[in-house]
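All residue numbers refer to positions in the sequence shown, counting from 1. As the structure lists them, so they are numbered: ligands from 1, and atoms in each ligand from 1.
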Amino acid sequence: MAKFIVLLGLPGAGKGTQAHIISKTLNLAHISSGDIFRENLKNQTELGKLAQTYMDRGALVPDDVTIAMIQDRLSRPYCNNGALLDGFPRTPTQAKALDEMLSKTNQKIDCVPYINVPAEVLIERLSGRWSCPTCGFVYHEKFNPPIKPGICDKDQGELYQRADDKVETVKKRIDVYWEQTSPLIEYYQQNNLLLEIDGTQAIENVSNQLLDSIQRRNS
Ligand code: ADP
Ligand code: ADP
């Protein structure tokens, strides 16, 4: 049976980093809503142009547009074995829509690891974040540097810093998280799906704790 895992956590908690690692281990599609918006932005699609007006100011893209985009992805064959969702859902409306999408094909969320980090570490994490424009892999200049500065280890892409990682926009994104996304912690806790992960550990240890918790849940 296909497996669907939702990763929750503040901006900078390590969702993308972990999703790249554990989607491979678990053989799941990695669906990052932020990466899909950025890809559309790069290609100047209508969706990309619309998303940019929200992303630039650290606000959320409207639910209807975001839900339709994820529904389209989940219906593609690369999700046949399931998916690891990184950055979606981010509002209670999106969470309910995801439950409905999955239930239409008799599927459901397996678990929701919540990567918990205190807000104080996020500014340092996000201001040192460098991403690969082609594979989306994320580095940190101090905590997880590439072998060659500015170049992706995996595909030699030229790393860039995201426009929305400047301090003012990060603060806004953190506020938006507390207002709109944090209710999901309780929602998934009530549904007995939440797995709390200590996101302050080194990247490798977070991956191990994540994989252990997911596997223990299945046994
Ligand atoms: P998110 O997808 O939740 O916004 P990222 O995975 O992009 O977070 O991580 C944000 C930044 O923090 C990146 O530069 C990443 O290299 C770094 N990072 C991720 N996990 C850790 C960790 N456990 N310890 C230190 N830095 C981390
Ligand atoms: P981070 O990894 O730092 O949390 P993302 O890459 O997930 O950031 O998201 C970047 C931006 O893309 C968000 O600030 C928001 O504007 C938009 N976005 C991403 N996912 C969603 C979503 N599920 N709903 C609405 N907007 C989203």
Side-chain angles (χ1 to χ4, degrees), residues 6-23 30-41 47-48 50-71 73 84-95 97-98 113-132 136-146 152-153 159-166 168-182 184 197-210:
V6 168
L7 280 185
L8 271 188
L10 277 151
K15 300 179 297 297
T17 301
Q18 297 302 330
H20 275 277
I21 301 169
I22 68 170
S23 60
H30 171 196
I31 300 185
S32 157
S33 43
D35 282 355
I36 304 172
F37 286 133
R38 281 184 288 278
E39 181 75 31
N40 275 277
L41 189 59
L47 174 64
L50 173 84
Q52 183 174 27
T53 60
Y54 296 92
M55 293 167 85
D56 277 352
R57 51 194 168 88
L60 293 184
V61 180
D63 281 338
D64 54 348
V65 177
T66 307
I67 290 166
M69 176 180 91
I70 295 296
Q71 188 149 29
R73 292 290 158 146
L84 186 61
L85 290 152
D86 153 20
F88 179 92
R90 252 179 162 90
T91 65
T93 305
Q94 292 180 13
L98 176 62
Y114 166 50
I115 306 179
N116 196 358
V117 294
E120 305 88 81
V121 307
L122 300 174
I123 305 273
E124 190 184 15
R125 282 201 184 178
L126 293 177
S127 56
R129 168 157 74 180
W130 290 80
S131 313
C132 176
F137 199 81
V138 272
Y139 297 88
H140 190 281
E141 54 196 31
K142 207 156 106 190
F143 306 129
N144 187 24
C152 179
D153 296 349
L159 305 181
Y160 74 102
Q161 286 198 290
R162 280 170 42 179
D164 60 348
D165 279 347
K166 32 179 195 306
E168 278 323 300
T169 320
V170 167
K171 286 187 178 154
K172 167 78 182 155
R173 285 160 58 206
I174 294 171
D175 288 347
V176 165
Y177 173 90
W178 290 125
E179 280 161 26
Q180 305 195 51
T181 308
S182 64
L184 299 190
I197 308 294
D198 174 8
T200 63
Q201 311 170 80
I203 292 173
E204 203 190 327
N205 296 345
V206 178
S207 306
N208 289 337
Q209 196 190 340
L210 262 167

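- For the pair I31/F88, no side-chain contact is recorded, criterion being any heavy-atom separation below 4.5 Å from C-beta on.
- Separating the CD1 atom in I203 from the CZ atom in F143 is a distance of 9.0 Å, to the nearest 0.5 Å.
- In this structure, atom 8 (O) of ligand 1 lies nearest to the protein heavy atom G14 N, 3.1 Å.
- Applying the 4.0 Å criterion to heavy atoms of T66 picks out, from ligand 2, the atoms 22 (C), 23 (N), 24 (N), 25 (C).
- The backbone of Y139, and not its side chain, has at least one atom closer than 4.0 Å to an atom of ligand 1 (non-hydrogen atoms only; backbone = N, CA, C, O).
- Nearest protein heavy-atom contact of atom 6 (O) of ligand 1 is T17 OG1, 2.6 Å.
- Under 4.0 Å from ligand 2, the heavy atoms of R129 that appear belong solely to its side chain.
- Side chains of V170 and P11 form no contact here, defined as non-hydrogen atoms less than 4.5 Å apart.
- At a heavy-atom cutoff of 4.0 Å, ligand 1 is contacted by the backbone of Q201 but not by its side chain.
- Applying the side-chain hydrogen bond (donor to acceptor under 3.5 Å, both in side chains) test between S207 and each of Q201, Q18, H20 identifies Q18 as the sole match.
- No part of I115 comes within 4.0 Å of ligand 1, judged by heavy-atom distances.
- Counting only heavy atoms of the protein, atom 26 (N) of ligand 2 lies nearest to V61 N, 3.0 Å.
- Atom 4 (O) of ligand 2 has as its closest protein heavy atom R90 NH2, 3.0 Å.
- Taking any N or O of L126, backbone or side chain, none lies under 3.5 Å from an N or O belonging to ligand 1.
- Near F143, the atoms of ligand 1 lying under 4.0 angstrom from a non-hydrogen atom of the residue are 25 (C), 26 (N).
- Look at R129 and D164 and you find no salt bridge, because none of the NZ, NE, NH1 or NH2 atoms lies under 4.0 Å from a carboxylate O.
- A donor-acceptor contact shorter than 3.5 Å links the side chain of K15 to the backbone of L10.
- Residue-ligand proximity: G9 is placed with every non-hydrogen atom at 4.0 Å or more from ligand 1.
- In this structure, the protein non-hydrogen atom closest to atom 24 (N) of ligand 2 is Q94 NE2, 3.0 Å.
- Checking only distances, A202 never comes within under 3.5 Å of ligand 1, N or O to N or O.
- Counting only heavy atoms of the protein, atom 10 (C) of ligand 2 lies nearest to R162 NH2, 3.5 Å.
- Atom 21 (C) of ligand 1 has I203 CG1, 3.4 Å as its closest protein atom, hydrogens excluded (heavy atom only).
- For atom 27 (C) of ligand 2, the closest non-hydrogen atom of the protein is F37 CE1, 3.6 Å.
- In this structure, NZ on K171 lies 13.5 Å from NZ on K166, to the nearest 0.5 angstrom.
- In terms of protein heavy-atom proximity, atom 16 (O) of ligand 2 is closest to A59 O, 2.6 Å.
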> Are L210 and I21 close enough, and set up right, to give a side-chain contact (heavy atoms from CB on, under 4.5 Å), and what steps lead you there?
Replying inline: CA-CA 10 Å; L210 262 167; I21 301 169; over 6 Å; no

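- Distances below 4.0 Å separate heavy atoms of G199 from the following atoms of ligand 1: 23 (N).
- Residue, atom and distance of the protein heavy atom nearest to atom 3 (O) of ligand 2 are R173 NH2, 2.4 Å.
- The minimum heavy-atom distance between L85 and I70, with the atom names listed, is CD2-CG2, 4.3 Å.
- Residue contact check: S33 has heavy atoms under 4.0 Å from atoms 19 (C), 20 (N), 21 (C), 23 (N) of ligand 2.
- A salt bridge does not link D175 with K172: none of the charged nitrogens is closer than 4.0 Å to a carboxylate oxygen.
- Applying the 4.0 Å criterion to heavy atoms of L10 picks out, from ligand 1, the atoms 3 (O).
- With rounding to the nearest 0.5 angstrom, the CG atom of L50 is 11.0 Å from the CG atom of L41.
- Note: no N/O pair closer than 3.5 Å links P11 and ligand 1 by distance alone.
- Judged by distance alone, with hydrogens and angles left aside, the side-chain atoms of N40 form a donor-acceptor pair with the main-chain N or O of I36 at under 3.5 Å.
- Of all the heavy atoms in L159 and P146, the pair that sits closest is CD1-CG, 3.7 Å.
- Interface of R38 with ligand 2, defined as ligand atoms under 4.0 Å from a residue heavy atom, comprises 6 (O), 10 (C).
- Ranking the protein heavy atoms by distance from atom 11 (C) of ligand 1 puts R125 O, 3.6 Å first.
- Ligand-side atoms of ligand 2 in range of K15: 4 (O), range being under 4.0 angstrom from any heavy atom.
- Those atoms of ligand 1 with a heavy atom of G16 less than 4.0 angstrom away are 1 (P), 2 (O), 6 (O).
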>> Using side-chain contact (heavy atoms from CB on, under 4.5 Å), reason through Q209 and V206 one step at a time and then give a plain yes or no.
In response: CA-CA 5 Å; Q209 196 190 340; V206 178; 5.9 Å; no

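- Remark: ligand 2 atoms within the under-4.0 Å shell around heavy atoms of M55 are 11 (C), 12 (O), 16 (O), 17 (C).
- Using a 4.5 Å heavy-atom cutoff, the side chains of Y114 and L184 are not in contact.
- Taking every heavy atom of both residues into account, Q180 and L60 meet most closely at OE1-CD1, 3.6 Å.
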